[in-house]
Colleague: 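The structure follows.
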Amino acid sequence: MSAAVEQRLARFRAARGTSSAAARLPPRSEEPPGKAAAPEASEGPDRGGQPRPVPAATEPARPLLVLALKVVLWAVLLALFAELELGLPFFVVSLLYWMYAGTRGPGERRPGELSAYSVFNPGCTPIAGTLTAEQLERELHYRPAAGR
């Protein structure tokens, strides 16, 4: 990333108050091969001279392997049930189970986690990125077309 983008990101995090969460990340241990060792753009009086936090590493491959094994097991079971001429009931029961397992009740949410449906959130607070009618009118500068 360029220094200007990093500075804007640091200002955004400071304004949102999320710099404490980002500060928990480990510092970068190595620089790209063509980059000279230079002071970080986010170091300075506003950051207290602390090194710039590094984004979290990608997810480990273990959950992906577990998911792949589950899919393979399901496909083998589907083939077995299809051989027994019970493939369609197995498929339907599988779909019902996936719908049940994929939904969580409000008691199963982590503390501070908001629902996608704002009516279930305290004070009907919408999640980030929700498009409201007021925002749409503001962005479209809702007014009659000129000359009509």
Colleague: Check for me, please, whether Leu73 and Leu78 land in the same ILVMFWY cluster - side-chain distances under 4.5 Å, paths through other members count.
Modeller: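 In one cluster with Leu73: Leu78, yes.
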Colleague: Can you establish whether the number of heavy atoms outside Gln135 located under 6.0 Å from its atom CD is more than 12?
Modeller: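 Counting neighbours around CD of Gln135, more than 12 heavy atoms of other residues, nucleotides or ligands fall under 6.0 Å, so yes.
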Colleague: Show me the donor-acceptor pairs, under 3.5 Å and distance only, between side chains in residues 116-125 and residues at least two apart or in other chains.
Modeller:
unit_1	atom_1	unit_2	atom_2	d
Asn121	OD1	Ser115	N	2.6
Asn121	ND2	Ser115	O	3.1
Asn121	ND2	Thr125	O	2.7
Thr125	OG1	Pro122	O	3.1

Colleague: Between atom OG1 of Thr130 and atom CD1 of Ile127, what is the distance when rounded to the nearest 0.5 Å?
Modeller: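 Between atom OG1 of Thr130 and atom CD1 of Ile127 there are 4.5 Å.
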Colleague: Quick one: pull up OG1 in Thr132 and CZ in Arg138 and give me the separation to the nearest 0.5 Å.
Modeller: 6.0 Å
Colleague: Output all residues satisfying side-chain hydrogen bond (donor to acceptor under 3.5 Å, both in side chains) with Glu134, sequence neighbours left out; order by chain, then residue number.
Modeller: none
Colleague: Mind listing the side-chain donor-acceptor pairs of residues 84-102 below 3.5 Å, one per line with the distance, residues two or more places apart or on another chain?
Modeller:
unit_1	atom_1	unit_2	atom_2	d
Ser94	OG	Trp74	NE1	2.9
Ser94	OG	Phe90	O	2.8

